[in-house]
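Reading through the structure tokens given below for one structure.
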Amino acid sequence: MQKLCTFAFALTLVVVVLGAWTRLTDAGLGCPDWPGCYGFNYVPATPGEHALAAERFPDAPLEVVKARNEMIHRYAAGTLGLTILLMALCSLKQSNRRYRLPAFLLLGLVAGQATLGMLTVTLNLLPFVVMGHLLGGFTILSLLFWVWCRHRPHAGTRHDGRGLSGLFRLALAALILQIALGGWTAANYAAMACTELPVCQGDWLGQWQWSAFHPHGMPAETYQYGVLSQAERATIHATHRLWAMVTALLLLALAWRLVRRPGLRGWGLALAAMVLVQLTLGLANVVLHLPLWIAVAHNGGAAVLLLILTGTGERLGRYREVAWHEAWHYPRVEHESGGTISR
């Protein structure tokens, strides 16, 4: 079961990266129907299939490269769904029930992701759905990694997680919000709304538009390439940059605390390094005008940051369990001299 979980986790990481690739190559509507492509289960290849595709969808001309990117993502996502279904079925046959609840929770999340994938196409890239689809993928990735960490043996220095829970939760909440803002930025095609540093060109604060965060947005037949005004896109972009600073400070503060704890130093060093890499990738996106590979790497960097916090959270949770177990089974009693001892 652990091997199956490892495969599912690796495949989810691939699906997340492919999703970013699909979105950044403007291939989200590469196939105007779902789950097939122009009525086929594959990208139309022959002249006859191209003619049939044009007849079926006259308002959506076939672009083979975009259709291929979209279908590769769908094939990978479908394989992931089958893998998680297999995990759920295998968990029913095991006497040990430790995988059962996570496996069926993952199965429910995959079903939700499939629905969001369908709505992404049928609602023509409605930004709120696109962002939800991104967050759903990150949630599945994080949960699979937590399950993998949870059920593998731990060895090495015992760690002490006392006093870290509050900062950890704050940093995690900040990162989740930042990922959502990144998804909202991408879904509204606002990545290049600001091409200057450190924040945005012109009177960006005077042109602030709260309407940029309306969940339904401006009604439109299609949301491909964005429908918001330049001021609204600049508002989204500036918010993503500003919150990135807050998130980075919280993550670096958590990394500093982790580095000083035996058994958690590795997680702290990894977190600090990944924060710096992610900030560098974000700056490179602006300076180099959103190169495809850097934009995909920036999306992947967000996933890695979430995985680092997931692994850290699992270790902190394990510490609390050990501390509770020791406190329950080895209560402290008063000594005759007035001190305390464990028994």
Side-chain angles (χ1 to χ4, degrees), residues 7-89 106-141 144 183 186-189 216-217 219-227 292 295-296 299:
F7 174 75
F9 165 70
L11 183 56
T12 305
L13 191 56
V14 171
V15 171
V16 167
V17 173
L18 286 174
W21 181 272
T22 302
R23 184 172 62 255
L24 290 164
T25 55
D26 298 322
L29 294 179
C31 297
D33 51 339
W34 188 93
C37 190
Y38 289 89
F40 300 93
N41 293 323
Y42 51 87
V43 179
T46 67
E49 291 172 345
H50 286 185
L52 188 56
E55 181 182 341
R56 290 171 174 171
F57 297 92
D59 297 328
L62 172 64
E63 296 183 57
V64 174
V65 174
K66 291 184 178 181
R68 185 183 299 121
N69 291 350
E70 172 69 1
M71 287 307 292
I72 289 173
H73 175 59
R74 291 185 188 179
Y75 290 148
T79 304
L80 174 62
L82 293 175
T83 302
I84 290 179
L85 175 60
L86 182 59
M87 284 182 60
L89 294 177
L106 283 164
L107 189 60
L109 286 171
V110 166
Q113 271 296 87
T115 303
L116 287 174
M118 177 190 67
L119 292 176
T120 297
V121 176
T122 57
L123 297 180
N124 296 316
L125 303 182
L126 180 66
F128 188 72
V129 174
V130 173
M131 183 187 71
H133 196 46
L134 170 74
L135 292 176
F138 275 55
T139 301
I140 293 172
L141 181 69
L144 275 168
N188 286 283
Y189 298 84
H216 299 294
E221 291 185 4
T222 179
Y223 296 88
Q224 191 169 30
Y225 308 119
V227 297
L292 179 59
V296 173
N299 188 278

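Note that these values count all heavy atoms, side chains included, but never hydrogens, waters or copies made by symmetry.
Between the side chain of R74 and the main chain of G36, a donor-acceptor pair closer than 3.5 Å is present. Under the 3.5 Å distance criterion, the side-chain polar atoms of D33 are matched with a main-chain donor or acceptor of Y38.
Looking at Y189 and L125, their side chains come closer than 4.5 Å, going by heavy atoms from C-beta outward.
Across all non-hydrogen atoms, the minimal contact from N41 to Y75 is O-OH, 2.6 Å. Here the closest heavy-atom approach between residue N188 and residue P127 is recorded as OD1-CG, 3.5 Å. Heavy-atom minimum distance, M71 versus C37: SD-CB, 3.6 Å.
To the nearest 0.5 angstrom, Y225 atom OH is 8.5 Å from L29 atom CG. Going from atom CD of E63 over to atom SG of C31 covers 11.0 Å, rounded to the nearest 0.5 Å. The structure places CG of L144 at 11.0 Å from OG1 of T139, a figure rounded to the nearest 0.5 Å. Expressed to the nearest 0.5 Å, how far CE of M87 lies from CG of L89 amounts to 11.0 Å. With rounding to the nearest 0.5 Å, the separation of OG1 in T222 from CG in L123 is 10.5 Å. Rounding to the nearest 0.5 angstrom, the gap separating the CE atom in M131 from the OG1 atom in T120 is 11.5 Å.
Residues passing the side chain to side chain donor-acceptor pair (under 3.5 Å) test with Y42, sequence neighbours excluded: E49.
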Would you list the atom pairs, donor with acceptor, under 3.5 Å between side chains in residues 16-27 and any protein atom, with sequence neighbours excluded?
from : atom 1 : to  : atom 2 : distance (Å)
T22  : OG1    : L18 : O      : 2.8
T25  : OG1    : W21 : O      : 2.7
T25  : OG1    : T22 : O      : 3.2
T25  : OG1    : N69 : ND2    : 3.3

Name the atoms and distances for all side-chain donor-acceptor pairs under 3.5 Å in residues 106-114, with sequence neighbours left out.
from : atom 1 : to   : atom 2 : distance (Å)
Q113 : OE1    : H133 : ND1    : 3.4
Q113 : NE2    : H133 : O      : 3.0
Q113 : NE2    : H133 : ND1    : 3.4

side-chain contact (heavy atoms from CB on, under 4.5 Å) between N299 and F138, worked out: CA-CA 10 Å; N299 188 278; F138 275 55; 4.0 Å; yes
Audit row: R56, F40, side-chain contact (heavy atoms from CB on, under 4.5 Å) steps and yes/no: CA-CA 11 Å; R56 290 171 174 171; F40 300 93; 3.6 Å; yes
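The environment of F128 atom CZ is sparse: at most 12 non-hydrogen atoms of other residues, nucleotides or ligands sit within 6.0 angstrom.
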